[in-house]
Structure formats: C-alpha cells, structure tokens
Amino acid sequence: MTESQKPDAPACPICGKPMVERYRPFCSKRCADVDLNRWLTGAYAIPASEEDDEDGEGTEPKERG
Ligand SMILES: [Zn+2]
C-alpha cells in the first residue's frame, strides 16, 4: 500500500477529490462553478407569486341566474 495522497489534504466539497490549490477549496473550476451555481440557484429560488391578485377589483361580468 502506497498512498501518495496526504490524508490531511482537504477534499473538494463537491466531488470529494483532493483539493487543488488553484481552485481551492475545490478540485477544479468545474466544481467551483457547481458550487457557485448552487449558491445562485438558492438565492434565486424565491417563488415570485404575483398572480394572486385578490383586490376585489375584478371586473369580470358574472352571469346571474
Ligand atoms: Zn471537485
């Protein structure tokens, strides 16, 4: 058994591969993008429901029996 990887080396939080100094704390730009995307997606995950217009000003002609 010959382990070339140090157990102390931090792992990429996305895929678990050994971190690369250049892209830390990730292992590659791709993983960095993935994390960034997650972050952005979470920030923009606010449901904008402006279709609930219950102002009572609805001028919809209703037929009355
Ligand atoms: Zn990774």
Side-chain angles (χ1 to χ4, degrees):
M1 259 201 204
T2 45
E3 286 184 31
S4 55
Q5 293 172 357
K6 288 182 184 175
D8 284 9
C12 171
I14 301 298
C15 67
K17 285 182 186 178
M19 180 201 81
V20 173
E21 188 69 27
R22 183 174 173 181
Y23 300 109
R24 68 175 179 173
F26 309 102
C27 72
S28 62
K29 189 179 186 298
R30 182 177 173 148
C31 280
D33 282 346
V34 170
D35 187 74
L36 182 69
N37 250 308
R38 278 189 194 176
W39 199 88
L40 289 176
T41 307
Y44 285 109
I46 302 164
S49 54
E50 278 188 55
E51 283 180 60
D52 267 337
D53 255 344
E54 279 191 68
D55 246 337
E57 270 191 77
T59 52
E60 265 186 73
K62 283 184 184 176
E63 268 190 64
R64 288 191 190 177

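These numbers were taken from a predicted model, which means no experiment stands behind them.
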Distance check, rounded to the nearest 0.5 Å: C31 atom SG versus K17 atom NZ?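 If I round to the nearest 0.5 Å, the distance is 7.5 Å.
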Less than 4.5 Å apart, side chain to side chain, heavy atoms only: is that true for [X] and [Y]?
X: M19; Y: P10; result: yes
X: C12; Y: P25; result: no
X: R30; Y: I14; result: no

Co-membership, hydrophobic cluster, residues F26 and V34, 4.5 Å side-chain: yes
